Every structure is written in C-alpha cells, then in structure tokens.
Amino acid sequence: MKTVTLTVNGIPVTVPEGTSAAAAIATVTDVFHRSVRGAPRGPYCGMGQCFECRIRIDGWRMLACLARATAGVAITTDD
Amino acid sequence: MTEHFDVLILGAGPAGLAAAETLAHAGRTVGLVDEQTDPGGQIGRRAIRQRPGRAFRKTLTRLRANDRITYFPSQRVVDCDPHPALVTESDLGYTRLTGASLILAPGARELVLPFPGWTLPGVLGAGGLQALTKSGWPVRGRNVVFAGSGPLLIASAHTLKKEGARIRVIVEQTARREIARFVAKLPAWPSKAIQTLTFTLGLAGIPYYTDAWVTEALGEERLEAVRIVQRGRSSVVSCDFLGTSLGLIPNVEVALRLGCALSHDPHPTVRVDSLQATSQPGIYAAGEITGIGGAELARLEGTIAGHAVAGELSKARALAPRHAHWARFGAEVARHFALRDPLRELAGSQTILCRCEDVTLGEIDAVADTGSIKLLTRLGMGPCQGRICRAALAELRPGYGTVTPSEISRPPLFPARLDTLADQALKEPSS
C-alpha cells in the first residue's frame, strides 16, 4: 500500500494514501481545537457539517474530515 | 470563472448520480457538484484499506467516460440564486456554475440530541464515525459503543467491527417488540432483509440492548466511558468512542436560499410533486432532501428528476409504482424507530446545545422572549451556522427552532474565503 508522510503539530505521521486529514491527526491527538470556553473538541459529524474538526493545513483553514492527508503538508490543530 | 450546463446537479450521492446518468443519456450536459473527494455520497463511501468495489469502479468509470458530465468534487456551495446558479468554493478558488435547470440532491446529516458529555472528543455521530473509520480513522483494538436508534447503528457497528474495533454494546432506544414488528415486514424488500441478516450475523455475540439509551458521556479531556440506562437499570461501560445517531435530517440550506417551499415534521424537507419539481420553476429535488427514505428511494427520485428535466415524462411516470414501494420502506423505518420522549429529556441546564458558541440549554431557557434567543445567547452563530443545534432545539423546545427564511438564507451558506466573497460581491452587487 502506498503511503504519504506529513506532519501534525510538527510530529511526522505516515498514513496510507487516501487517508483523511482527520484520521491522520487522530493518530497524534484527540483534541482538534478548543471551544470558545476552552473545552477540548474533536471531530463530531464526520461529514463536513459541524466544523468541530477545523484545523489548518499549511496555514489554510480546512475541515479535516473533508480533506485528504497529502504528502509533505504541515497540519496544525488547536487553532 | 463561470461555466454553463444544461443541468446543474448538487450532490453526487445515489440521487445525484442517477439524475446525472439519466440526463447524460438523454443528451444533456451536466455539471455535477459534490463536497466530497469521491462520488457516491455518504452511503457510497468505501474504506481506503479495501480495494474499490465493482459498483464503485463502475460509477467512477461511467462518470469519467461520460463527456456530457463534468464532475466537480471537493466543492462547497457558498451561495446560489434561482436563475439557477451555484457559487462553489474549493482549495483552488471559487467557480460560478449556471444551468437551465437545477436538481438538488444534497442528502442528509445525522440527528443527535444533546446529553451530558456529548461534546467530549470521542463522541461522534454514528454515521460520522463510520465515515471517518472508512477514511482511515484508527479504531483497531479500540472499545466502541453505538447508541441511538435505527438501522444506521447496525450498519456503522458492522463497518467498525470489520476494521478491527471492539464493539462493546449497541444501545437501541426502540423496544424489542417494535423492532420485531419492523423485521417482520422486511421480506417485502428482499435486498433490505438480506442486508439486515448480513449485519446481524456479522455482529453475532455483541450485546444489543433495546429499550435503552446512553444518558451521559464520561471523561475529562476525552471520552472514557458512557452511562447506559435500560428500563431503569444503570450501568457504566468504558469505551474510547461512542457513535450516536437518532436518524437523519435533510440538508435544506441551499433549497431554502433558493426559495423552495418546505414542510416541517419538525425538521424541514423540500416539497416536491410527483416529477420531483419544487415550488421554484426549473428547480428539482431528489433523495433525502425530500424526506428520509434511503438509497434505493434516492436513486429512483434522481432518475425521475432526470427524466422530468429531459422532458421524458412517460419514463418518469413509469417509475411511480417502484417509488411508492421504496417510500413505504422509509415510512416503516420512521414509524418503528420513532424518537421516544426520554431522549428529549437527557440534556440538563448545564448541557451545551450550541457546540460552536458553547451555549447551554439553561442559558436558552433563561431567555424570556424566544424570538431573541439568537441575539442574546449567540445560539447558532458559530461556523456551523446552526446546522447541529437548530434540529436539536426543534426537538427539545418545539417552536423555538423553526426555520424561517430570514434566519438562515443569507449568504455565505458555508464559511467562505474573503476572495470568494469580494469577487462575488463585485459581480453580484444586488446579493
């Protein structure tokens, strides 16, 4: 199986090609961002509706459940 | 960039794909817009670890080979107008698509009602957990509980078990005798009977609690356990993930913005006639957006809408008996797995209702004028624009969450980039 390597909060992660960004992040952390009152949050709806999996990929705001993990990108959580 | 097609279709799930193929066969050019990276919709997702199935390969091949269909994956609709036109956004920027007709097939999302702890990481929609698992979410060896109502729990549990998760228990709110009545009717839809049997055999040995629900998700930084109540008896089951779902609700945001007439039950669905036409000229709707009925019904509605738009009215009408047959299946699911009142009473005053703005049920109840809830609490004003909390409010506090056009039909329909908004504002000064 082909794999891709990227970083999540600076930590190198290697996942099978086609893996979602959300799944790649989940190998590193459960917490994708903090709520407006500081509570931990992770993906909830899994299909692009709830925005709880919002993260940055190479600085761009994205929904991790709708984005693929692509080689060489830098994903950051807790934005 | 503007592109024009005979017909625009929103959604590449069962309904949208069926409509696209019907129209292409009738010689029409089709612009097919979808927010996922692959066609098939939520139901057609395939696991990345699996080789693409025959049906999926056929769909992809047909889409690519058909030069009348232009497929736009990974595109979100940020605005629309009833001419009709869709403004979509992707990583690459925005596109304005126009068509002589438009078929709306955007599918549905999961209904979940708030309960204490439901915002903890590790608590997900059941279908959402299934979708993420298929996309490589690490579940192997992890303990998982599914809770809520309906066939989706079984289907999701089946997927996670195949991917190596340990399914601790499936918690179904419906009573066993009601499920038995539903199962007894399944032979009328043999493919569903076989699917149910496959899932049941695949999940053999896993506890299936009926007449039961999860009252609380426990944990600090993430989910650690759930509290389950079955006929007054409480137990705590430790788990890493909880997949929860009480059914599906249609994605009506684009239809609402276009001015299509809706029905409320209490969740909004788009009203259509027997040819799938909405109240707006040239705009059709097919699949879950017209009422939750499943993939078979969605496929039929997509085909009917395709024929109707192509002017093949006799072909469209010939499908009416099959449509009625599958509409009955959807109605049976809704009837036998109807939401029970105790599920509406799990949220306490400290339970968050609006996840985006951390608004609790107590804060909402403290607002005397129900017309000012949004103004005073910021309910529904976060990035999801009320997609999650609106349905919950409609169930928990009937009358508060009713969709009104002035409330959510303003653009952008999804958070959009400034360059999209700026360029669109220059082109469309009236919007």
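Every heavy atom of this structure was used, including side-chain atoms; hydrogens, water molecules and symmetry mates were not. Here is the naming used below: chain letters follow the sequence lines, and residue numbers restart at 1 for every chain. All of these numbers come straight from a predicted model, not from anything done at the bench.
- For B:L223, no part lies under 4.5 angstrom from a heavy atom of chain A.
- If you take CD1 on B:I388 and CZ on A:F51, they are separated by 10.0 Å, rounding to the nearest 0.5 Å.
- Between A:V36 and B:R355 the shortest side-chain heavy-atom distance does not fall below 4.5 Å.
- Residue pairs satisfying the side-chain hydrogen bond (donor to acceptor under 3.5 Å, both in side chains) criterion with at least one member in residues 9-19 of chain A, sequence neighbours excluded, are listed as follows: A:T5-A:T14, A:N9-A:T77.
- Annotation: maximal heavy-atom pairing with chain B below 4.5 Å, among A:C45, A:A24, A:P43, A:G42, occurs at A:P43.
- Contact between B:C384 and A:C50 at its shortest, heavy atoms only, is CB-O, 3.6 Å.
- Using a 4.0 Å cut-off between charged side-chain N and carboxylate O, B:E221 and A:R41 make no salt bridge.
- The contact between B:E220 and chain A is made entirely by backbone atoms, counting heavy-atom distances below 4.5 Å.
- Contact record, A:S35 with B:D358: OG-OD2, 2.5 Å, taken as the closest heavy-atom pair.
- Rounding to the nearest 0.5 Å gives a distance of 7.0 Å between OG of B:S74 and CZ of A:R68.
- For the pair A:Q49 and B:N251, the minimum side-chain heavy-atom distance is below 4.5 Å.
- The environment of B:I43 atom CD1 is sparse: at most 12 non-hydrogen atoms of other residues, nucleotides or ligands sit within 6.0 angstrom.
- Minimum heavy-atom separation, A:L66 to B:T37: O-CG2, 3.9 Å.
- At a 4.5 Å heavy-atom cutoff, the contact between B:Q42 and chain A is made by side-chain atoms alone.
- For B:E110, the part lying under 4.5 angstrom from a heavy atom of chain A is the side chain only.
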Using side chain to side chain contact (heavy atoms under 4.5 Å, CB included), reason through A:R37 and B:I352 one step at a time and then give a plain yes or no. CA-CA 11 Å; A:R37 291 185 188 172; B:I352 285 169; over 6 Å; no
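- B:P138 approaches A:A23 most closely through the heavy-atom pair CD-O, 3.9 Å.
- For the pair B:L132 and A:M47, the minimum side-chain heavy-atom distance is 4.5 Å or more.
- Atom CG in A:D30 sits 6.5 Å away from atom CZ in B:F241 (nearest 0.5 Å).
- For B:R222, the part lying under 4.5 angstrom from a heavy atom of chain A is the side chain only.
- The CD atom of B:E35 sits 8.5 Å away from the SG atom of A:C65 when rounded to the nearest 0.5 Å.
- Between A:Y44 and B:V123, the shortest heavy-atom contact is CD1-O, 3.6 Å.
- Looking at B:C389, there are no atoms closer than 4.5 Å to chain A (heavy atoms on both sides), in backbone or side chain.
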